[in-house]
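Side chains included, hydrogens not; waters and symmetry mates left out as well; all remaining heavy atoms used.
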Amino acid sequence: MPERYDPAPVESKWQGLWEREKAFRAEPVSRDGGSPDMPDGAKAYVLEMLPYPSGEIHMGHVKNYTMGDVIAHQRRRSGARVFHPMGYDAFGLPAENAAIRTGEPPATVTRRNIARIRTQMKRLGFALDWDTELSTAEPDYYRWTQWLFLRMFEAGLAERRQAAVNWCPVDQTVLANEQVVDGHCERCGALVELRQLTQWFLRITDYAERLLDDMAGLVDWPERVLAMQRNWIGRSEGARVVFRTEDGAHEIPVFTTRPDTLFGATFFLLAPEHPLVAELVAGRPEAEAVTEYVRRAVQTSLADRSDAEKPKTGVDTGRRVVNPVNGEELPIWVADYVLMDYGTGAIMAVPGHDERDFAFATAFGLPIRRVIAPEGTAPDEPLEEAYSGPGRLVNSDFIDGLEVDEAKPAMAAWLQERDLGEATVGYRLRDWLISRQRYWGAPIPVIHCPDCGVVPVPDADLPVLLPDVDDYAPKGQSPLAASEAFVNVDCPVCGTAARRETDTMDTFVDSSWYFLRYTAPALTTAAFEREVVDYWLPVDQYIGGVEHAVLHLLYARFFTKVLHDLGLVGFVEPFARLFTQGMIYRDGAKMSKSKGNVVAPDEIVDRYGADTLRLYVLFMGPAADDIEWSDQGVEGQRRFLDRLWRLVAGQEAGPLAARPTLEQLADDPVALELVRKAEATVQKATVDITERFSFHTAIAAIQELVNLGTRGVSAGELGGAAGAQALRYASQTAVSLLFPFAPHVASELWEALGGGSLHRETWPQADPAFLVRDVVTVVVQVNGKLRDRLEVAPGTPDAEVVALA
RNA sequence: GCCGGAGUGGCGGAACGGUAGACGCGGGGGACUUAAACUCCCCGGCCCCUCGGGGCGUCCGGGUUCGAAUCCCGGCUCCGGCACCA
């Protein structure tokens, strides 16, 4: 072997071998013409979130896929059948925006980017099953996205309805709630507007309870991700209470988490968008002022509307509702702090015990009434501010004297008996708006017929192919509308001239089921086969960025539950174990082109080799944490590989060494120490990778072992027969342990040490005989109290220990 | 405000109730070299010191324990999520 380590020839040699052998191909996979056999034994589906094919991969991808690669290698070596596929989340705005600038079709841009990314991933030597590669933007994939949409449509889970929706004025499309961050478009940062539009929704809210419940027990996920999903779903227990207008003409239900404070309600509020507002004031003197208030409120941006610091505004309608518990008439106001899409769009206002209602009452001179008195407070003591702590109910008739926690169910029961309401649960989660008025996505497969209404495209007519258009620019409606040939169709039911839906689907729909399609990447007769998805799924280990905690990860869970209910899959959670990686920073900021602090993976591979890069991204620090990139840190990992290479190159050619026995090592303490360290390292590295996700400490342990060997050599202490064998054995151990992290150089060194192809090897097993410590700790107590701690040889007689103490 | 996570050298971090600082970066010293680079060896928490050692050290204050970075209670600070959600 060459004296110096040169990564380029080593890496291309092994990459070529793995590719020729299809070394990481997985079975079973569904293909046309017959179902595969289901094997016995352990399986491991190791998956990383698929990349969006913008120009090239970045360091975050390298870290993500290297982690997955290490897990996949490790599981394979421990005997599991491993599935480790890769694909591309290929629909979406960046390719489309590039198309608008250059005129080049998004499909062309996307396919070129995919080819580039594939090349980069192959250069990094990832152990992927390239035969199952997929792109969500290809018709043979999105055909099935459309097919799944139609199944949801049939089940009543996809529906078209009018609602106040988020509109991004820059991207010229509507957005899901999950894509609005602090009132701004997640993609472009523009201030989001609210518009009343008719759009397609998926009824994710029907699954709110199960999305919440299944988090406990069914998934092993980081606590912070579970917390984010919990926050996002936003469950709150309360009651629905029905109020009637004073003339008895209208029922207006409200949702409240505080039914116990019903006697404290002194006024009643409607959201500006509430459908009853116009009717209630029609023909009344207040009509003009109310209409004007509503008009202004509706125009206010989402960000301004939801600013809690803003002074309270509102307008009196002159109308009244009757409080169902005491028959009291309460004035109805319209106020923009009441949101139409949470609860019922109407609230009972309890200024004594709600901060916002208190501010409103103060601003407009409305009465404030105490109904809860904390310990030691008189029932009629005035309130300086809204009180929301514990206490007993006062001024509340039949629930007087109850604690808050007792009063809530008591009131709910009272209401239910009289048919005036009931205990209920509210969620912050909204339905998933999936329509996009953009070109580069899967067309929504429905047809609008003047006679039949919304008609699904028959399965046999799928895919609804994206038409070629000349202009991809958004104009407030989908660019697909410009294609006459696309739009004008006959109704599949009655044959009348009809129009196709021109909106496309949110790309998060595409990525909500891709992990199923890997099991049937080229199947033309179905999206996937139940037997095969049930074999591989749930994903045993999923890895990706935390930024998808409430986007992709929530949507994919929802899809999986829907598919389960439709009988298409046999599991309810897609990802059994999740790991969210931290971001890579440089100069204190996230790497980004605009900040000019990007380190391109290719440059590092060119300069130091793929193995050095792989090693470094995992050695940097805990994989879950955000860590600062260090150019010198990369060099440190290259120095380590150089050192290991020299250590192996300095040894004579020959077959693999057997582990020396304790007898052989009896007269050579340095050699014994080295073998013992090798055994301990096997144990530690295995635990670190499989149980702790602690790659950096696993690597550190391997480095410690190599350092011990290197120091022994330079001190001339491993010269004898036992020493040489120990050194060879320790080198083998280090090389073998290094394989998942740095597979090319490890394979090369393993071969040089006399081994076969390392990717077919099993994980080295530690010999317990070497792991026994030769000292034990003895705790010494005198008179039951006095303390000391001694290290003695195992089996030392008590008398001797006492003498030492 | 509510929910979650975290505070250890100059830096990334290790130790998962048992020698605090593994491994690496940066720094210092030495060997090799005409010289440099590479490589190899050694030293790096702080403060004293008679050079043998001593004292203090893991955000702060208490506690449990023979023993706490680690467990418990109370603070402080930072990061992330949600938030006019009734």
Side-chain angles (χ1 to χ4, degrees), chain A residues 4 181-182 222-236 238-239 241 254-259 261 265 269 271 304-313 335-350 353-357 359-360 388 426-430 546-547 549-550 580 582 585 615-616 619-622 624-637 639-640 642-643 646 684 687-688 691-692 694 696-707 710-711 713-715 775-782 784-789 791:
Chain A
R4 283 191 54 239
V181 179
D182 290 334
E223 187 50 43
R224 62 173 174 158
V225 177
L226 297 175
M228 281 189 224
Q229 293 215 350
R230 253 183 251 117
N231 284 342
W232 190 260
I233 295 167
R235 182 182 198 275
S236 51
V241 185
V254 303
F255 172 73
T256 177
T257 55
R258 298 297 304 272
T261 63
L269 298 174
D304 288 344
R305 185 73 190 274
S306 57
D307 179 7
E309 302 302 310
K310 194 183 62 144
K312 295 283 177 283
T313 62
D336 67 357
Y337 76 90
V338 180
L339 308 174
M340 190 58 220
D341 49 10
Y342 183 78
T344 62
I347 65 164
M348 62 175 207
V350 184
H353 305 284
D354 180 280
E355 215 180 305
R356 296 151 298 173
D357 298 346
F360 192 88
S388 56
Y427 294 95
R428 204 195 72 97
L429 183 71
R430 323 275 169 78
V546 75
E547 66 273 15
V550 291
T580 48
Y585 282 77
L615 209 49
Y616 176 66
F619 181 74
M620 292 173 81
D625 293 3
D626 295 341
I627 312 264
E628 177 91 7
W629 175 270
S630 156
D631 293 335
Q632 291 96 320
V634 180
E635 289 179 17
Q637 294 314 298
R639 277 199 285 271
F640 163 65
D642 285 336
R643 210 179 323 136
R646 282 193 300 271
K684 175 167 173 53
V687 170
D688 282 355
E691 289 169 31
R692 307 206 308 143
S694 183
H696 67 307
T697 54
I699 295 167
I702 300 167
Q703 297 189 350
E704 207 180 337
L705 174 62
V706 171
N707 289 348
T710 304
R711 277 191 223 109
V713 170
S714 67
V775 287
V776 293
T777 301
V778 177
V779 172
V780 184
Q781 292 188 27
V782 178
K785 250 307 181 207
L786 221 158
R787 66 205 87 79
D788 201 356
R789 207 178 136 255
E791 288 194 340

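Distance noted for atom C1' between G27(B) and U70(B): 31 Å (whole Å). Distance noted for atom C1' between U58(B) and G21(B): 9 Å (whole Å). Comparing the P positions of C41(B) and G18(B) gives an interatomic distance of 31 Å, to the nearest angstrom. A86(B) and A15(B) are spaced 49 Å apart, taking the C1' atom of each and rounding to whole Å. Nucleotides C60(B) and G10(B) are separated by 14 Å at their P atoms, to the nearest Å. On the P atoms, A83(B) is 39 Å away from C16(B), given to the nearest whole Å. The gap from the P atom of A14(B) to that of C59(B) amounts to 14 Å, rounded to the nearest Å. With both ends at atom C1', the span from G7(B) to A69(B) equals 11 Å, rounded to whole Å.
Both distances falling under 3.5 Å, in either a Watson-Crick or a G-U wobble arrangement, place C82(B) opposite G1(B). In this structure C56(B) sits in a base pair with G45(B), meeting the Watson-Crick or G-U test at under 3.5 Å. With a cut-off of 3.5 Å on both Watson-Crick or G-U wobble distances, the partner of A22(B) is given as none. Pair assignment for C51(B): none, as no Watson-Crick or G-U wobble contacts are both less than 3.5 Å. Base pairing annotation: U77(B) forms a Watson-Crick or G-U wobble pair with A6(B), both donor-acceptor distances under 3.5 Å. Across all strands shown, U65(B) forms no Watson-Crick or G-U wobble pair with both distances under 3.5 Å.
Within 4.0 Å of Asp642(A), counting heavy atoms only, lies no atom of the nucleic acid at all. Residue Gly343(A) is classed as having no contact, given no heavy-atom separation below 4.0 Å to the nucleic acid. Among the heavy atoms of the strands lying under 4.0 Å from Ala700(A) is at least one base atom, whether or not backbone atoms are also near. Counting any heavy atom pair closer than 4.0 Å across all strands shown, Pro622(A) reaches sugar-phosphate atoms only and no base atom.
Rounded to an integer number of Å, the gap from CG of Leu269(A) to P of A86(B) is 15 Å. Between Phe619(A) atom CZ and C11(B) atom P the separation is 17 Å, expressed in whole Å. Rounding to whole angstrom units, CD of residue Glu704(A) and P of G21(B) are separated by 12 Å. The CD-P distance, from Glu628(A) to G12(B), rounds to 9 Å in whole Å. Rounded to whole angstrom, the span from the CG atom of Asp307(A) across to the P atom of C85(B) amounts to 12 Å. Between the OH atom of Tyr585(A) and the C1' atom of C25(B) there is a distance of 21 Å, given to the nearest Å. Taking atom CZ on Arg235(A) and atom P on A83(B), their separation rounds to 19 Å, with Å as the unit. One interatomic measurement links the two molecules: CE of Met620(A) to P of G12(B), which rounds to 12 Å at whole-angstrom precision.
Closest approach to the Thr710(A) side chain among A86(B), C41(B), C3(B) is made by C41(B) (side chain taken as heavy atoms from C-beta onward). Distance from the side chain of Arg430(A) is smallest to C85(B) among A15(B), C85(B), C23(B). With C84(B), A86(B), G26(B) as the candidates, the nucleotide lying closest to the side chain of Gln632(A) is G26(B). Side-chain proximity of Arg646(A) to the nucleotides C25(B), C40(B), C84(B) is greatest for C40(B). Nearest nucleotide to the Ile627(A) side chain, out of C23(B), G12(B), C84(B): G12(B). When distances are taken from the side chain of Val338(A) to each of A86(B), G80(B), C84(B), the shortest belongs to A86(B).
Panel note: side chain Arg643(A), backbone Asn707(A); no donor-acceptor pair is recorded below 3.5 Å. Listed for the Tyr616(A) side chain is no donor-acceptor partner under 3.5 Å among the backbone atoms of Asp631(A). Using a distance-only test at 3.5 Å, with no hydrogens or angles considered, a donor-acceptor pair links the side chain of Asp357(A) to the main chain of Val350(A).
For Arg356(A), a side-chain nitrogen or oxygen approaches OP1 or OP2 of C85(B) to under 4.0 Å. The side chain of Arg692(A) places an N or O atom within less than 4.0 Å of a non-bridging phosphate oxygen (OP1 or OP2) of A15(B). Between Arg224(A) and A6(B) there is no side-chain N or O to OP1 or OP2 distance below 4.0 Å. Within the structure, a side-chain polar atom (N or O) of Arg643(A) is placed less than 4.0 Å from OP1 or OP2 of G24(B). Dashed line: the shortest gap from a side-chain N or O of Tyr342(A) to OP1 or OP2 of A86(B) is under 4.0 Å. Proximity of Arg428(A) to the phosphate of A83(B): a side-chain N or O atom is located under 4.0 Å from OP1 or OP2. Taking side-chain N and O atoms only, Asn231(A) has no distance below 4.0 Å to OP1 or OP2 of G80(B).
The line from NZ of Lys684(A) to CG of Leu705(A) is 13.0 Å long, rounded to the nearest 0.5 Å. Distance OH/Tyr337(A) to OG/Ser306(A): 15.5 Å, rounded to 0.5 Å.
Taking the side chain as every heavy atom from C-beta outward, Ser694(A) and Val687(A) never approach each other to under 4.5 Å. A heavy-atom distance below 4.5 Å is found between the side chains of Gln637(A) and Gln703(A).
Ion pair Asp354(A)/Arg258(A) not flagged as a salt bridge, since none of the NZ, NE, NH1 or NH2 atoms sits closer than 4.0 Å to an Asp/Glu carboxylate oxygen.
Place Asp626(A) and Ser714(A) on RNA chain B by their nearest nucleotides, and Asp626(A) ends up nearer the 5' end. Nearest-nucleotide positions on RNA chain B for His696(A) and Arg711(A) put His696(A) closer to the 5' end.
With its glycosidic angle within 90° of 0, G9(B) adopts the syn conformation. In this structure, G44(B) shows a glycosidic angle within 90 degrees of zero, which is the syn conformation.
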### Query
Can you list the steps and then say if Arg646(A) with Thr710(A) is a side-chain contact (heavy atoms from CB on, under 4.5 Å)?
CA-CA 9 Å; Arg646(A) 282 193 300 271; Thr710(A) 304; over 6 Å; no
